[in-house]
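Residue numbers start from 1 in every chain, and the chains themselves are labelled A, B, ... in the order their sequence lines are given, proteins ahead of strands.
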2 protein chains.
Amino acid sequence: MTKLRVHSFSISLDGYGAGPDQSLNNPLGVGGERLHEWAFQTPTFRGTHGMEGGEGGVDETFAARGERGLGATIMGRNMFGPIRGEWKDDWRGWWGDDPPFHHPVFVLTHHAHDTIPMDGGTTFHFVTEGIHEARDRALDAAGGQDVRIGGGPSTIRQFLEADLIDELHVAVVPILLGSGETLLGGLDLDELGYQIAEFTASPSAAHYVLTREA
Amino acid sequence: MTKLRVHSFSISLDGYGAGPDQSLNNPLGVGGERLHEWAFQTPTFRGTHGMEGGEGGVDETFAARGERGLGATIMGRNMFGPIRGEWKDDWRGWWGDDPPFHHPVFVLTHHAHDTIPMDGGTTFHFVTEGIHEARDRALDAAGGQDVRIGGGPSTIRQFLEADLIDELHVAVVPILLGSGETLLGGLDLDELGYQIAEFTASPSAAHYVLTREA
């Protein structure tokens, strides 16, 4: 069975998966880039962003798992860009001409948009019919591999509430953001059938893997 | 300067500091005792509860810090007992004749109650005038040592919001409670001036120490 998986999703100790006030200059919200420092140092992240080097260890183990066996990605519109409301023609994502996905990406939105082919195998598709439609199309496009739910927090929460996520890797980072978008707050994950299957920490983050009970 | 400190306060990954439905049989709420398994194995906890043995390591380091240099404890009424509304005469806390505090304990309540002297140096005092009064009386009684804020979550939140806590040790335990009392949810700890001064993990819990910026 193919799975819907979340990997390397970072939250602060106070539970926020992005800082407040996302904008062109702050794609992860104010202060949000600190959530990902643990990942920036891994060979996996550096390799997918055209850099050499990096450090092995627990963080690398988790970063690498987020690159294996995935054939498509689903993301929310805010992860794709800072534009709200109607699209403006020239936005093609945060990642430049050759985004680090290299497979079909399905962007959830209320506003239809033509497909955008990018370099390196990434194609941005836009889905206006909701998360179940996005899942069906992504599974189809993934060709037997798993589908990654990329984020942001509100997209992951929708998939969790619909009981559609099979595996969720959360990295709790020792910072306080104070406000922003909560990932798990108010969700009854126990009632939804999730359990913590793995827990291990590096000096930079505490890693948890949630799975659904069989 | 004497400090107000919180030690060994355990929360689940989903942020709850106690399970739902506290009762005589579930003093920590349903499922809440799992929050404290990391501490139960430490020599410090075992020693203060009349048992020998236990395991050293990161968990023991944090448990031991919670016993040093403290001259008084403040706690909320729900931590003292399951009774709501008017007091019934015979309740003397969860801990038997010789509670593990061995110093004055100040219980926040809306209902006045006579002081209860216990064995081993513990005395329960009841404070109806709010958290600032409790702090003043506890600091006075502590004789130059620090004051521990014991819990539960709503008591700690009140002290955090009033900017009265100098040091907060939180242990995030790899379990999901699903519902209950949140410790940090909705608090803007960044705005309140807190920062994370320490982060380290054992196989059983991730430990964070929050302090206020100078």
Side-chain angles (χ1 to χ4, degrees), chain A residues 9 11-17 19-21 29-32 34-35 37-38 58-59 157 160-161 168-213, chain B residues 9 11-17 19-21 29-32 34-35 37-38 58-59 157 160-161 168-213:
Chain A
F9 201 88
I11 60 176
S12 60
L13 176 62
D14 46 351
Y16 299 109
D21 302 323
V30 174
R34 289 186 296 152
L35 288 169
E37 280 172 9
W38 69 269
V58 168
D59 294 331
R157 290 172 66 89
L160 285 170
E161 287 172 324
L168 170 64
H169 163 223
V170 182
V172 180
V173 176
I175 62 170
L176 298 168
L177 285 174
S179 61
E181 283 191 77
T182 180
L183 180 67
L184 304 179
L187 288 180
D188 191 334
L189 293 165
D190 185 53
E191 180 75 16
L192 286 167
Y194 290 93
Q195 60 191 2
I196 296 179
E198 294 178 55
F199 164 60
T200 184
S202 77
S204 305
H207 297 276
Y208 303 81
V209 178
L210 280 63
T211 56
R212 283 192 297 174
E213 283 153 29
Chain B
F9 200 88
I11 61 175
S12 60
L13 176 62
D14 46 351
Y16 298 110
D21 302 324
V30 174
R34 290 186 295 152
L35 288 169
E37 281 172 10
W38 69 269
V58 169
D59 295 330
R157 289 172 66 89
L160 285 170
E161 286 172 324
L168 169 64
H169 162 223
V170 181
V172 180
V173 177
I175 62 170
L176 298 168
L177 285 174
S179 61
E181 284 191 77
T182 181
L183 180 67
L184 305 178
L187 288 181
D188 191 334
L189 292 166
D190 185 53
E191 179 76 15
L192 286 167
Y194 290 93
Q195 60 190 3
I196 296 181
E198 294 179 53
F199 163 60
T200 184
S202 77
S204 306
H207 297 276
Y208 303 81
V209 178
L210 280 63
T211 56
R212 283 194 296 175
E213 283 152 29

Between side-chain atoms of residues 184-192 of chain B and protein atoms elsewhere (two or more places apart, or another chain), which donor-acceptor pairs fall under 3.5 Å?
{"unit_1": "B/Asp188", "atom_1": "OD1", "unit_2": "B/Asp190", "atom_2": "N", "d": "3.3"}
{"unit_1": "B/Asp188", "atom_1": "OD1", "unit_2": "B/Glu191", "atom_2": "N", "d": "2.9"}

**Prompt:** Could you state the interatomic distance from CG (B/Asp14) to OH (A/Tyr194), rounded to the nearest 0.5 Å?
**Reply:** 13.0 Å
**Request:** With sequence neighbours left out, write down each residue that passes salt bridge (charged side-chain N to carboxylate O under 4.0 Å, His left out) with A/Glu198, or none if nothing qualifies.
**Result:** A/Arg65
**Complete:** Under 4.5 Å to a heavy atom of chain A? For B/Val172 that would be both
**Portion of B/Ala205 that has a non-hydrogen atom of chain A nearer than 4.5 angstrom** = backbone
**Message:** Applying side chain to side chain contact (heavy atoms under 4.5 Å, CB included), can you list everything that pairs with A/Ser204, at least two apart in sequence or on another chain?
**Reply:** A/Trp38, A/Gln41, A/Asp59, A/Ser202
**Request:** Mind listing the closest non-hydrogen atom pair of B/Phe199 and A/Ala206 along with its distance?
**Result:** CZ-N, 3.8 Å
**Item:** Residue-level interface, residues 174-181 of chain B with chain A, non-hydrogen cut-off under 4.5 Å
**Value:** B/Pro174, B/Ile175, B/Leu176, B/Leu177, B/Gly178, B/Ser179
